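Below is one structure; the comments refer to it alone.
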Amino acid sequence: MDPMLTLVGALMLVISIVLSPLSSRVGMPVLLIFLVVGMMMGEDGPGGIRFDDYQLAFLIANLALGVILLDGGMRTRAETFRVGLRPALVLATLGVFLTAAGAAVVAWWVFDLHWMLALLIGAIISSTDAAVVFSMLQGSGIHLNERVSATLEIESGSNDPMAIFLTLLMVTLIGNAGENNVGPALLLLVEQFGIGSIAGLIGGVAVVALANRMRLAPPLYPLLVAAGGIAVFSATNALGGSGFLAIYLTGVVIGNRPVRMMPMILQVHDGLAWLAQLCLFLMLGLLVAPSELLPLAGGGLILALALIFVIRPLIVMATLWPFGFNRRELGFISWVGLRGAVPIVLALFPIIAGLPDAQLVFHAAFFIVLVSLLVQGTTMAPLARWLKLEVPADNAPLRRFPLDAPGADDHELMLFPLRGKNWELPRRLDQLKFPDNTAVAGVFRNRLCLQSQADLEVIQGDIIAVFATPSVLPDLNKSLSGAYAPGHLAERAFFGDFVLNGDALLGDVEQVYGIEFDELPPDLSLAECFAQRTKGRPVIGDLVALGPVTLVVRSMNGDTVAKVGLKMDAQQNAAEAKHNNTKDDKTH
């Protein structure tokens with residue numbers, strides 16, 4: 001092996017990683033930085049590397065996407081399927097088909113292509129990319145409400161089979177002009193979805209059973225899960241199914257079942273996913289010379305902007321309106337139709353098949369991905385904040401370390417930093433409410449470890465180490481939570497000053513707070529009120545404005561609203577204070 005080749009590859013990784021902090025400073029997606037570094041090191045850039053092995057690129061890209069989807073699946077909670085599954089599947093099937101058709105019309109017009117070649121371009125750019133969506137949602141520091149985040153994650157993780165089906169269909173039709181391929185094409189679609197779904201679920205159960213029955217050194221568990229996921233991915237592809245869908249579902253099954261050393265598995269796979277994304281976008285950048293994109297700039301820009309501003313919004317509005325999304329949520333989902341590595345990988349199909357104008361198709365797909373990352377990727381976080389789709393984040397542990405010792409069951413060592421207003425004044429450890437079957441291991445302060453004595457006072461800046469099981473994590477989060485959040489996401493600012501039960505009746509709320517809800521019957525409960533407004537799928541952060549007050553979903557119990565926050569406007573607060581003062585004066 002040429003040592004210069006490994007040196008250049010390592011330097012590309014180093015440069016990309018060193019430049020990655022720029023993404024948060026300038027609002028640029030970090031994956032775009034990787035792509036640009038690859039282009040700069042390519043044939044037209046200072047690096048001058050000529051890389052045109054499309055077969056090798058296709059193999060590496062598929063493996064990298066598999067690793068990314070496995071990690072994304074493990075971080076998708078099964079609870080999110082209750083609000084996101086149905087709309088996501090509509091977008092992943094009908095939405096992809098309509099996107100391909102709409103993009104094909106624009107491609108036929110701007111590039112003056114044969115209609116079949118235009119349909120091929122439409123099929124290639126029809127799906128959103130899980131790699132980009134997962135990384136942007138996890139790395140942007142925003143926490144979207146569950147209905148939006150679940151829909152975007154499930155859509156991007158499950159829409160590849162339809163895009164692959166349409167791409168292979170068009171490649172086959174163009175390569176075998178005049179033959180009737182409708183029957184085999186429909187069979188291909190059934191195989192992609194059917195085999196992919198079954199193999200993914202069975203594979204996930206098998207990997208979980210294997211990981212829990214084996215006694216391995218702790219570092220081997222993440223490797224076992226990665227190898228098992230890739231095995232499911234490869235076997236599904238060999239059987240004719242969608243390996244992308246299978247490995248995503250495998251990750252979902254693994255992430256939602258008790259698995260030995262799960263925190264370590266997630267931590268290692270986070271690094272593997274970043275490495276896969278890095279290598280993938282660097283390699284795809286090497287495949288393209290910027291000079292070859294310039295002739296397509298005009299038509300490619302029109303197609304990309306039509307996809308962003310016209311096609312995606314129209315399809316989202318047309319397909320998601322029955323599912324209880326409000327206008328702000330529909331607007332955001334319309335905007336986050338991010339394109340990434342998948343369209344570029346699919347654009348390798350016509351090149352490998354030797355179709356005419358295959359290079360045009362590849363470069364058009366690449367240009368559209370660049371525009372999507374620049375326009376949509378850089379504005380996603382500001383748009384979410386502007387549309388007020390953020391919800392307060394959980395006070396998750398800073399670190400989790402599985403014990404994996406005989407007699408310890410599934411206990412872990414969890415580190416919680418004490419932040420926010422709740423911890424500005426010292427509080428004794430014996431005054432804190434901890435769930436059953438937990439114990440404080442120690443307190444870290446100014447690089448010192450303090451023994452967990454009952455009279456020890458803890459304060460903001462301390463880190464509490466706790467032995468606990470994952471099942472009590474929600475209660476532990478509440479016990480050690482604080483008001484550490486931006487002003488608009490602070491608990492009282494977001495949920496209001498009053499907490500009501502979901503089964504409270506509007507009539508009772510009227511009497512207690514002296515307000516009137518003329519438009520709704522008094523025997524309607526708060527939970528039923530939210531269920532009506534959201535068509536039975538409320539999530540934390542949902543709002544219902546009723547006259548001078550705003551109701552906010554504070555917690556859920558399955559599909560039912562358990563707790564509701566009540567916020568009054570400034571005038572109502574003043575009236576309430578005056579009323580209370582008058583009562584006090586009369587009492588005295």
Side-chain angles (χ1 to χ4, degrees), residues 6 8-41 57 59-76 128-143 149 152-153 156-157 160 219 221-230 233 244 247-248 250-252 254-255 261-286 338-342 344-345 369 372-373 377-378 380-381 396 398-400:
T6 57
V8 171
L11 287 176
M12 289 174 63
L13 290 173
V14 170
I15 292 171
S16 300
I17 294 171
V18 169
L19 291 178
S20 60
L22 287 175
S23 64
S24 58
R25 296 180 185 176
V26 300
M28 180 186 299
V30 65
L31 300 180
L32 182 59
I33 293 177
F34 301 159
L35 202 61
V36 171
V37 170
M39 295 172 66
M40 295 296 293
M41 296 301 293
L59 174 62
I60 295 175
N62 275 272
L63 290 175
L65 286 172
V67 172
I68 295 164
L69 284 168
L70 179 64
D71 180 68
M74 287 192 293
R75 298 175 193 278
T76 302
T128 58
D129 192 342
V132 178
V133 172
F134 288 148
S135 65
M136 291 295 293
L137 290 179
Q138 295 169 10
S140 60
I142 61 174
H143 298 269
S149 61
L152 289 172
E153 289 186 2
S156 62
D160 294 322
Y221 285 98
L223 300 182
L224 175 64
V225 170
I230 295 299
F233 175 77
F244 293 135
I247 198 169
Y248 174 71
T250 296
V252 171
I254 295 171
M261 304 299 292
M262 193 63 194
M264 177 176 286
I265 291 172
L266 289 174
Q267 187 174 358
V268 172
H269 274 260
D270 189 33
L272 290 177
W274 272 109
L275 179 62
Q277 290 180 91
L278 229 168
C279 295
L280 175 61
F281 279 81
L282 286 175
M283 181 196 65
L284 294 177
L286 285 175
L338 287 163
R339 268 66 190 172
V342 170
I344 303 176
V345 174
V369 169
S372 178
L373 289 173
T378 56
M380 189 179 80
L398 180 67
R399 294 285 187 274
R400 293 172 60 182

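These numbers come from a predicted model, not from an experiment. Just the heavy atoms: all of them, side chains too, but no hydrogens, waters or symmetry mates, feed the values below.
Nearest heavy atoms, Leu70 versus Ala226: CD2-CA, 4.0 Å. Nearest heavy atom pair, residue Met12 against residue Gly38, reads CE-CA, 4.2 Å. Of all heavy-atom pairs between Phe34 and Gln277, the closest is CD1-O, 4.3 Å. The two residues Ile247 and Gly229 make their nearest non-hydrogen contact at CD1-O, 3.4 Å. Considering every non-hydrogen atom in both Glu153 and Tyr248, the closest pair reads O-OH, 3.8 Å. Contact between Ile68 and Ala273 at its shortest, heavy atoms only, is CG1-O, 4.0 Å.
Here the side chains of Val342 and Leu65 are in contact, with some heavy-atom distance below 4.5 Å. Using a 4.5 Å heavy-atom threshold, the side chains of Val252 and Met74 count as separate. When side chains are defined from C-beta on, Leu272 does not count as touching Pro222, because their heavy atoms never get closer than 4.5 Å. A 4.5 Å side-chain heavy-atom check between Phe244 and Asn62 finds at least one atom pair inside the cut-off. Residues Asp71 and Val67 fail the side-chain proximity criterion, which asks for heavy atoms closer than 4.5 Å. The shortest distance between side-chain heavy atoms of Ile265 and Val225 falls below 4.5 Å.
In this structure, Leu223 CG and His269 NE2 are separated by 7.5 Å, a value rounded to the nearest 0.5 Å. Interatomic distance, Ile60 CD1 to Leu63 CG, rounded to the nearest 0.5 Å: 8.0 Å. Here the CG atom belonging to Leu282 is positioned 9.5 Å from the CD1 atom belonging to Ile15, to the nearest 0.5 angstrom.
Using a distance-only test at 3.5 Å, with no hydrogens or angles considered, a donor-acceptor pair links the side chain of Arg75 to the main chain of Leu266.
Leu224 is linked by a side-chain contact (heavy atoms from CB on, under 4.5 Å) to Leu210, Ala211, Leu216, counting only residues two or more places apart in sequence or in another chain.
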